[in-house]
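Single-structure report; data block below.
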Amino acid sequence: MKLPGRIKLANLPTKIEKLKLGEKFNKNIYIKRDDQTGTEISGNKVRKLEYSVKEALDQDADVLITCGGIQSNHARATAAVASRLGLKSHLVLRGNQGDNLEGNYFLSKLLGAEITFITADEYKNNRMNIMEKIKENLKDIGLRGYILPEGASNAIGSFGYFNAIKEIMEQEKQLDIKFDAIVTTVGSVGTFTGLLLGSEYYNSNIDIIGINICDSAEYFKEKTIELFYDLNVYFGNDIKVDYEDINILDGYTGLGYALSKQDEIDFITRFAQEEGIILDPVYTGKAMYGFVEELKKSTFDKYDNILFIHTGGIFGWNEFARNMIK
Ligand SMILES: *Cc1c(COP(=O)(O)O)cnc(C)c1O
């Protein structure tokens with residue numbers, strides 16, 4: 001297997017802590033604090049950027065180009081990495097110049113990112129072309145651009161979570177725990193697919209379960225198959241995955257991407273007060289909410305030790321979600 005190069009950006013290994021939540025369900029439920037991979041450079045995207053940005057540096061890139069929603073955690077982390085490494089960043093964001101300067105958008109500006117706003121329609125249908133155009137324009141002024149796709153969820157980026165399995169297996173030994181299942185948020189599928197392939201490759205005996213926070217489970221299962229294939233090609237592996245074996249639990253997208261329902265916000269508020277851990281409204285809040293609903297429905301009955309990955313997102317608490325806190 002061909003291993004990609006890496007630069008060190010994240011504070012690793014991230015801590016694994018036990019949640020009180022498990023007591024209610026007679027299980028051991030743990031949380032892996034990937035929200036603590038750093039401060040500016042924080043959350044799950046950092047594990048991916050360690051590999052993607054190494055490739056960018058190897059290609060002598062001057063500018064990191066990427067995309068996301070206006071409150072994209074990935075875009076902010078990319079802007080921070082660029083500044084840290086003396087590169088520039090150009091972010092293509094779905095939103096409006098007039099939107100409140102807060103959260104990740106504010107931080108990305110503070111970190112010096114150049115920002116191009118596009119509409120939801122342009123984002124859905126044309127974001128790759130728009131980023132290619134930016135890259136071409138840079139070339140005209142003698143600069144080299146490197147494009148990271150949404151969420152850095154391509155083969156190279158997803159390797160970050162392939163590798164996280166190794167870290168988790170080492171922590172199993174240190175903590176003397178054998179995890180039966182890992183639960184993670186699915187947003188652009190890189191985290192989930194990386195974990196899934198890593199779990200197979202290292203024979204971890206841990207089931208990987210995703211909870212999608214937008215679109216549908218079917219959509220993400222297809223995406224998982226595609227990315228799994230790309231990863232195999234990239235790394236010269238031939239590990240099989242069947243559609244039927246991909247475990248993504250649907251039903252928790254609520255009102256859609258980055259939109260919050262009152263019961264989600266109420267859940268996150270209770271969780272914060274019971275556990276002292278802040279989830280985000282866009283990703284981990286919805287996923288943890290879904291996870292607890294599924295625990296109630298007995299979906300996890302066959303597992304004793306479950307690890308939820310806290311993928312970060314604290315800067316995504318936008319004004320709309322904040323105002324829903326009672
Ligand atoms: C991007 C993101 C996710 C989803 O990860 P993917 O690899 O894109 O599926 C989950 N949580 C947070 C906080 C994120 O920013």
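These values consider heavy atoms only, across backbone and side chains, with no hydrogens, waters or symmetry-generated copies. Order of listing sets the numbers, starting from 1, for every ligand and every atom in it. Throughout, numbering of the chain's residues begins at 1 and tracks the sequence.
Asn73 and Asn104 are linked by a side-chain donor-acceptor pair at a separation below 3.5 angstrom, with hydrogens and angles left out of the test.
Below 30°, between 30° and 60°, or above 60°: for Tyr303 and Phe300 the angle between ring planes is between 30° and 60°, a tilted geometry. Ring geometry for Tyr51 versus Phe159: interplanar angle over 60°, hence perpendicular rather than tilted (30 to 60°). Between Phe308 and Phe291, the ring-plane angle classifies as parallel under the 30° and 60° cut-offs.
Note on ligand 1: Gly43 sits outside its first shell, no heavy atom being nearer than 4.0 Å. Using a 4.0 Å cutoff on heavy atoms, Lys48 counts as a contact of ligand 1.
When only interatomic distances are considered, the shortest N/O to N/O separation between Gly313 and ligand 1 does not fall below 3.5 Å. Of the N or O atoms in Gly151, none lie within a sub-3.5 Å distance of an N or O in ligand 1. The shortest N or O to N or O distance between Thr284 and ligand 1 is not below 3.5 Å.
Close approach of ligand 1 to Gly187 is summarised as follows: ligand atoms under 4.0 Å from at least one heavy atom of the residue are 4 (C), 6 (P), 8 (O), 9 (O). Those atoms of ligand 1 that come under 4.0 Å of a heavy atom in Gly190, given as number and element, are 7 (O), 9 (O). For ligand 1, the atoms sitting less than 4.0 Å from at least one non-hydrogen atom of Thr311 are 10 (C), 11 (N), 12 (C), 13 (C), numbered in the order shown with element in parentheses.
Among Ser188, Gly210, Ser72, the residue whose heavy atom lies nearest to atom 8 (O) of ligand 1 is Ser188.
With a heavy-atom cut-off of 4.0 Å, Ser153 touches ligand 1 through its side chain alone. Heavy atoms of Lys45 found under 4.0 angstrom from ligand 1 belong exclusively to the side chain.
Outside the 6.0 Å centre-distance limit, the rings of Tyr229 and Tyr234 are not counted as a close aromatic pair.
Geometrically, Arg127 engages Tyr123 in a cation-pi contact, judged by NZ or CZ lying under 6.0 Å from the ring centre and within 45° of the ring axis.
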Note to self: Applying ring pair (Phe, Tyr, Trp, His ring centres under 6.0 Å) to Phe271 and Tyr289, what does each step give before you reach the verdict?
What the structure shows: CA-CA 9 Å; Phe271 189 89; Tyr289 176 83; over 10 Å; no
